[in-house]
Q: 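What follows is a single structure, and I will ask about it in a moment.
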Amino acid sequence: LHTAYRRQRQMCIRDRATAAVFIQNNFNNIIEETSQGSGAHLTAMLDILEVNEAARADVVTAVRAEMALSVAANEATSPEAFYNAVVANI
């Protein structure tokens, strides 16, 4: 049981690290697609994070709302802020 748990946790950490790099490298596309609600980069990021199909629309809606609040507050949007919003909503 502990081995399976550790393996699952390592996969989650690896997936999140991969997603962080993907967001960093494709930030402009992902931000644009998030505002539109869909797109290839956004789908790829959700695939990397293994977000369930049924939950994807809710995750995107929540992240979009969080990013809109940042923009309204004149806070700079960054790949790190976007990543944190995604992880908080999955």
Side-chain angles (χ1 to χ4, degrees):
L1 180 65
H2 289 117
T3 302
Y5 172 77
R6 273 184 273 170
R7 187 173 305 129
Q8 183 177 2
R9 188 165 186 271
Q10 288 171 342
M11 287 174 52
C12 182
I13 291 168
R14 186 193 71 228
D15 292 345
R16 287 186 179 190
T18 301
V21 171
F22 185 81
I23 291 167
Q24 178 74 39
N25 292 340
N26 298 283
F27 184 61
N28 291 333
N29 292 324
I30 293 173
I31 283 290
E32 182 176 337
E33 292 173 7
T34 300
S35 71
Q36 296 168 353
S38 65
H41 293 88
L42 187 58
T43 298
M45 178 198 70
L46 296 169
D47 287 346
I48 291 167
L49 290 167
E50 299 180 359
V51 176
N52 184 318
E53 281 291 326
R56 290 182 179 209
D58 290 339
V59 170
V60 172
T61 299
V63 170
R64 185 174 13 191
E66 203 166 316
M67 291 292 94
L69 288 174
S70 294
V71 170
N74 288 325
E75 296 173 0
T77 56
S78 68
E80 181 180 3
F82 185 86
Y83 168 83
N84 289 336
V86 170
V87 169
N89 287 289
I90 57 173

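Excluded from the calculations below are hydrogen atoms, water molecules and symmetry mates; all remaining heavy atoms, backbone and side chain alike, are included. The first residue of the sequence shown is numbered 1, and numbering continues consecutively from there.
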Q: Please list all pairs meeting salt bridge (Lys or Arg N to Asp or Glu O under 4.0 Å) that have one or both residues in residues 55-72, counting only residues at least two apart or in different chains.
A: Asp47-Arg56, Glu53-Arg56
Q: Which residues, ordered by chain and number, are linked to Phe22 in its hydrophobic cluster, where ILVMFWY side chains connect at heavy-atom gaps below 4.5 Å, directly or through other members?
A: Ile23, Phe27, Ile30, Ile31, Leu42, Met45, Leu46, Ile48, Leu49, Val51, Val59, Val60, Val63, Met67, Phe82, Tyr83, Val86, Val87, Ile90
Q: Could you pull out the closest heavy-atom pair between His41 and Glu33, with the gap in Å?
A: N-OE1, 2.8 Å
Q: Could you check whether atom CD of Gln36 has more than 12 heavy atoms from other residues, nucleotides or ligands sitting under 6.0 Å from it?
A: yes
Q: Could you measure the distance from the CG atom of Asn89 to the CG atom of Asn84? Nearest 0.5 Å is fine.
A: 11.0 Å
